[in-house]
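Accompanying notes for the structure given below.
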Protein chains: 6
Amino acid sequence: MRIDQRKKDELRSVSIITNYIKHAEGSVLIQTGDTKVICTATIDEKVPPFIKGEGKGWITAEYSMLPRATNVRNPREASKGKQGGRTLEIQRLIGRSLRSVVDLKALGERTIWLDCDVIQADGGTRTAAITGAFVALVEACKLLVAEGKISKLPITDFLAATSVGIVDGELILDLAFNEDSSAMVDMNVVMTGSGKYVEIQGTGEEAPFTKEQFLSLLELAEKGIKELIQIQKEVVGEIELYLPEGEKDVEKNG
Amino acid sequence: MRIDQRKKDELRSVSIITNYIKHAEGSVLIQTGDTKVICTATIDEKVPPFIKGEGKGWITAEYSMLPRATNVRNPREASKGKQGGRTLEIQRLIGRSLRSVVDLKALGERTIWLDCDVIQADGGTRTAAITGAFVALVEACKLLVAEGKISKLPITDFLAATSVGIVDGELILDLAFNEDSSAMVDMNVVMTGSGKYVEIQGTGEEAPFTKEQFLSLLELAEKGIKELIQIQKEVVGEIELYLPEGEKDVEKNG
Amino acid sequence: MRIDQRKKDELRSVSIITNYIKHAEGSVLIQTGDTKVICTATIDEKVPPFIKGEGKGWITAEYSMLPRATNVRNPREASKGKQGGRTLEIQRLIGRSLRSVVDLKALGERTIWLDCDVIQADGGTRTAAITGAFVALVEACKLLVAEGKISKLPITDFLAATSVGIVDGELILDLAFNEDSSAMVDMNVVMTGSGKYVEIQGTGEEAPFTKEQFLSLLELAEKGIKELIQIQKEVVGEIELYLPEGEKDVEKNG
Amino acid sequence: MRIDQRKKDELRSVSIITNYIKHAEGSVLIQTGDTKVICTATIDEKVPPFIKGEGKGWITAEYSMLPRATNVRNPREASKGKQGGRTLEIQRLIGRSLRSVVDLKALGERTIWLDCDVIQADGGTRTAAITGAFVALVEACKLLVAEGKISKLPITDFLAATSVGIVDGELILDLAFNEDSSAMVDMNVVMTGSGKYVEIQGTGEEAPFTKEQFLSLLELAEKGIKELIQIQKEVVGEIELYLPEGEKDVEKNG
Amino acid sequence: MRIDQRKKDELRSVSIITNYIKHAEGSVLIQTGDTKVICTATIDEKVPPFIKGEGKGWITAEYSMLPRATNVRNPREASKGKQGGRTLEIQRLIGRSLRSVVDLKALGERTIWLDCDVIQADGGTRTAAITGAFVALVEACKLLVAEGKISKLPITDFLAATSVGIVDGELILDLAFNEDSSAMVDMNVVMTGSGKYVEIQGTGEEAPFTKEQFLSLLELAEKGIKELIQIQKEVVGEIELYLPEGEKDVEKNG
Amino acid sequence: MRIDQRKKDELRSVSIITNYIKHAEGSVLIQTGDTKVICTATIDEKVPPFIKGEGKGWITAEYSMLPRATNVRNPREASKGKQGGRTLEIQRLIGRSLRSVVDLKALGERTIWLDCDVIQADGGTRTAAITGAFVALVEACKLLVAEGKISKLPITDFLAATSVGIVDGELILDLAFNEDSSAMVDMNVVMTGSGKYVEIQGTGEEAPFTKEQFLSLLELAEKGIKELIQIQKEVVGEIELYLPEGEKDVEKNG
């Protein structure tokens, strides 16, 4: 049994509130246990220079924590004058993950910014950010459709993420902060609604791990992500996924 | 009548939720209309170098807005690499205002950090931040008393703030964003529970103003602040104010 | 009697030397007591992006102190890599104040930069900067007229500033550094030649103040500013003020 | 067959030259195909503040590319004034990976800095950096033993890394730049001499991937890393691995 | 004949006003033609870390130009967030030059900061800064003696600097801005009162130069510097130079 | 005799390897003794804004040292967030020197970037960088000719550099690090193949020097540079120098 009485393969309770910030084109407050993240989606009718003129759009993400989201106050990155390596790494991960389920051509020449701001942290902030940002992204895309800017949602699949790890020799799902900080092995998994992997990041800094452990962790993650995607589906309602024209269909060729 | 049907001398509806962030020593979510600010108070058992060894404490503040708190997305100061002039000016104002109602000797050699993060903005974010931060500060000081670190609250008075201005020739209280952006004259007032001024910042960039206008604006502000302090009192409950030993008693000497 | 034998309502001696820097379109050395500020006005035939194409100009200001302008050497902001909050706050104040007496349409699509560099500081540097920058601005505008770029001065009124405060229970005008650092209440006032307020910034960090004190301070400031504007008039000579087309005439509507 | 005639499961030719930089305590030039990285190990008899007094050491890494290591010149991070997200992410990965095979207590209160500078890039620079830095680290630790500062090598296992990916539907080992930039799936694997994983970072930004694909990629990586470790063993010669006292022995408990 | 009617080997008129800034331990306003530089000397009773405990002092310099010192406004380095290469190069030159005529042991464990701020520029700002900073330095050292902190001046020689160059095929002394910007060869020379060189920086970016040209330029410079040192002597009055104990007496050994 | 058995007027052994980095348009590894610098030349078909439209090109340089190029590790400038004064000074020197032997009109509207990265330092890195960068520049220009972008090499002369100095009273050529750090006088000389000076930078921080010493040092430098240019000629082979149309021919007019 875990500190908060959860079973090893049990997610924390999750809630996703949409329309949380009135100005944003899409916005949610996602809570997983005591982790709370505000995710907003902003539509920007420009694209970054490196894809200008290619007839496709872009998805990018920024991540931050309020100074007192954590148990000890973290100095504000704005006042330190730069974003730390952890922040940059996380926001690259969020952007990359979400781009994997968007058909950028179908999005058209525009950028969607996903801002993920952690207002309270208790482990798993990056995976909560991905799970929440996906919903904010869908909401913003619905708006684009409603305004007639695009004809259908450019979303090719659902997407959610969770963490798994080995703590005191036990393989557990959805680590809270105390579990995370004593984990020997720590893994974040991002997966689509059709069960494919988008990102697998496993780290055994405290102790290298075996293939068997790794495969068991993957299974745990898969169980959790399926549940998260179920919750997303309840929140965003019935949506029609975009069918890209086969060019991404790796497994057929594999 | 104003856009949101308010009377000229009417505040927007205000709510102050305490214990909003579980990790912080004091925390509130303050809402004034559609403006929402998270204020946390962090106790740090150190003081800045310039008062080290003087046997007194310090109050300091930081202010920020989430990128999508506003109608148009604002680039994140952390990613721009520096805090803007507006941010620095506001956080200096918040810190100065709150120090005016704290007996720093009674606080002891420690710093209280007040982080004010605007998650949704609709005008009046700096005054909401002051009004909310005061409550977070009181909560943190109560904790210091509860833990036996100080014997009584070092708070010498209540403190709240609001804005007033001249819009289309009308003098109005508590400007929402649309009013603020079309105001000819704009004034922020910070006042104590005993009706004294701590800060008066009046600006007539669009049009200089007369003494009569100015005095009427002050009266409007006073009305609003009294109501805000009434709400603060309901939230923080019965507290005993700290009686400093006369050295701040300017009006007796004046 | 004050340290320097002044009466409570007496300004320090003021001198304004024009054409102080040969390259600038307008320039002055203003001295108020031991405070010395070089103010230059630079005409730039461009406007900032946010008003491009609106057919109007812009006034902006920058402020700095030489490292040894003060009693103790201040590290150079250029070598620290950023401007501090105080600097940014002051230069925003200077720019805002001067814009209030310029008809930006009449100025035409150009920017006037006002650089205020304190070479020796003894209190009141920001108000001296405003008072001096006004003269530099007028000189630059005269040049625009002389060169035929605009047909008349876009200046709508005179403008000067001073400080007032409460020191040892006494209300005094034009605080020198020693007075300023022991003031309980400190106020900067910016006023036009026709006696209207442009900025009022009163701070009671050390002790909140009453409305009576506040009104007395305002009167003191008014007396000082009138004298300063008299000196400005002697320096810039006879000038014809610009009559805007009523849209700024707040008090008529008020 | 691949561009450079390699088989799908074939590494590029690898060479590791030790003692490459005369000043460093350990240094190598590692070449994998046309990728060339200088790795130096610097012994610093201090530890970072967060582990001071804990009786253990630290391993940290920095990574950079010469501006013209790549086909198109990259602006120098020193002249841009900050390290990019990719750089920070890579140097965090290198540090974390190497710490996983060092017994930090056995290292003693000192830091080893690993600087990995890419002088020519052709894909796989981060994995080459890890493989090379391991050798530089061993050389520096040998020096510590030779100087009597520690009694035995604090290295608990060998460590190397490689990349695998899916290109045109083919699963291939050790991607050169052209392969990497057209890969649908891209994975970096860091593994120990005893065949355990330290880091697995798989990314399917261009196309999500299945578990079957993932497992086949892992096997490819394992084959490559075993060959790399064989080369490392030839370079560093006979060394005795450090046997930690069981606390890291995850799989026994698993 | 030159633009300003000077002869080829003629300095511009020079004036050095001491006690220019009341707060500084030493200060001058030096004018050479239209170039005006404020030089202040600040005594700091600390030394930089790299010479701590060596029983000797340090001399360091900073250099800056007001934005409108030049014909076209230069953006402020503080607002750009960093000092440019030209600034850093000049302040390194000033510091190095002045250290060459100070016996750092005799100065004792303290630093003298020399701030050179150009308020109006017309060529030769760096050499004017050196010539003026020398006087400010002497004034500060006199104060140290007067306060009994050191027993005699630690100044081993006089020091001044000027520029020479080749313009339109003519070799000329003390270049004004217009001459400097059309010079094919440009040289700055720093020399002591006893006629030895401290710095020679000759640049032929526009055209390489011959040894004969070079020697003639050196002679011109020598003539100018002798005159500058004569002026310095009139300003600082009779001073006794410090006789170091032979260890710097290169030419005897040479 | 010197530490490394050299005679006073003897260069260290020099080697210049071309085509060292496969991606660059020109590249060398230059070694002078234990100093090793990678110099790459990058052709960029743009020019900086300040010469746009003038029908001529530009040469610019950047310089850096790997952190462990030196005996003690130097913190990376990219991680400190800015380039130091020494770096900026050196890269300005390199750029200026190379521009002196390029006919910028003949180069056409393009920029050549010279990146000089010191991978191992033992004194004389800036002069080795100049000597090596010249060869990389020639290689890049040959490529421009080969590709038909320009009709002949825009190189007007050969160019090399070395250091000379006074150590223990002896005048020596090509100082290694240990010699450099104990030198009383230190001088860098940049000279063309036809024996003219481009830069002379002599510094007597530790001890001012006489004209006789200076002239002897110049002669030593000339001897060394002639040998270096001989080596360059062997490396780049027969090249035809560009004959500019007299406008740079200073000595005729002198």
Side-chain angles (χ1 to χ4, degrees), chain B residues 81-93 95-101 156-157 159 166 168-171 184-185 187 189-192 194-216 218-219 222 244 247-254, chain C residues 81-93 95-101 156-157 159 166 168-171 184-185 187 189-192 194-216 218-219 222 244 247-254:
Chain B
K82 64 174 175 180
Q83 296 177 298
R86 180 184 171 275
T87 293
L88 293 172
E89 191 172 318
I90 292 175
Q91 61 195 25
R92 283 160 57 91
L93 168 66
R96 213 161 55 219
S97 296
L98 289 163
R99 282 194 295 277
S100 77
V101 291
T156 61
D157 208 341
L159 185 88
I166 305 181
D168 294 337
E170 302 284 347
L171 281 68
M184 303 302 271
V185 177
M187 189 154 83
V189 181
V190 186
M191 196 177 280
T192 65
S194 57
K196 291 194 201 149
Y197 301 115
V198 167
E199 287 271 343
I200 296 175
Q201 297 196 336
T203 295
E205 179 178 340
E206 298 302 319
F209 49 93
T210 63
K211 187 177 285 189
E212 291 64 41
Q213 291 173 322
F214 180 64
L215 290 176
S216 306
L218 262 189
E219 253 167 62
E222 195 170 336
E247 88 261 335
K248 286 191 172 183
D249 221 313
V250 168
E251 75 266 57
K252 276 192 200 140
N253 309 322
Chain C
K82 64 174 176 181
Q83 296 177 297
R86 180 183 172 276
T87 294
L88 293 172
E89 191 173 318
I90 292 174
Q91 62 194 24
R92 284 160 57 91
L93 168 65
R96 212 159 58 219
S97 296
L98 288 163
R99 282 193 296 276
S100 77
V101 291
T156 61
D157 208 341
L159 184 88
I166 305 180
D168 293 337
E170 302 285 347
L171 282 68
M184 303 303 271
V185 176
M187 189 154 83
V189 180
V190 186
M191 196 177 280
T192 65
S194 58
K196 292 193 201 150
Y197 301 116
V198 167
E199 287 273 341
I200 296 174
Q201 297 196 337
T203 295
E205 179 178 340
E206 298 302 320
F209 50 93
T210 64
K211 187 177 284 190
E212 291 65 39
Q213 290 172 321
F214 180 65
L215 291 176
S216 306
L218 262 188
E219 252 167 65
E222 195 170 337
E247 87 262 335
K248 285 189 172 185
D249 221 313
V250 169
E251 75 267 57
K252 279 192 198 138
N253 310 321

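All chains are named by letter (A, B, ...) in the order of the sequence lines, taking the proteins before the strands, and each is independently numbered beginning at 1. Keep in mind it's a predicted model, so treat the numbers as computed, not measured.
Heavy-atom pairs under 4.5 Å with chain C were tallied for B/I200, B/L88, B/D157; the largest tally goes to B/I200. No other option in C/E199, C/Q83, C/Q201 has as many heavy-atom pairs under 4.5 Å with chain B as C/E199. Here B/R86 is the residue among B/R86, B/Q91, B/K82 with the most heavy-atom pairs under 4.5 Å with chain C. Residue with the most contacts toward chain C among B/G202, B/G81, B/G84, B/S216: B/G202 (heavy-atom pairs, distance under 4.5 Å).
When heavy atoms are compared at a cutoff of 4.5 Å, B/L98 does not approach chain C at all. Heavy-atom distances place both the backbone and the side chain of C/T203 under 4.5 Å from chain B. Of the atoms belonging to C/F214, it is side-chain heavy atoms, and not backbone ones, that fall under 4.5 Å from chain B.
Between the side chain of C/T210 and the backbone N or O of B/K196 there is no donor-acceptor pair closer than 3.5 Å. The backbone N or O of B/V198 lies less than 3.5 Å from no partner atom in the side chain of B/S100, so there is not a single donor-acceptor pair.
Qualifying side chain to side chain donor-acceptor pair (under 3.5 Å) partners for C/E89, counting only residues two or more places apart in sequence or in other chains: B/R92.
None of B/E219, B/Q213, B/E212, B/K211 except one satisfies the side chain to side chain contact (heavy atoms under 4.5 Å, CB included) rule with B/L215; the exception is B/K211.
Using a 4.5 Å heavy-atom cutoff, the side chains of C/E222 and C/M191 are in contact. Counting heavy atoms from C-beta on, the side chains of B/V190 and B/Y197 never come closer than 4.5 Å.
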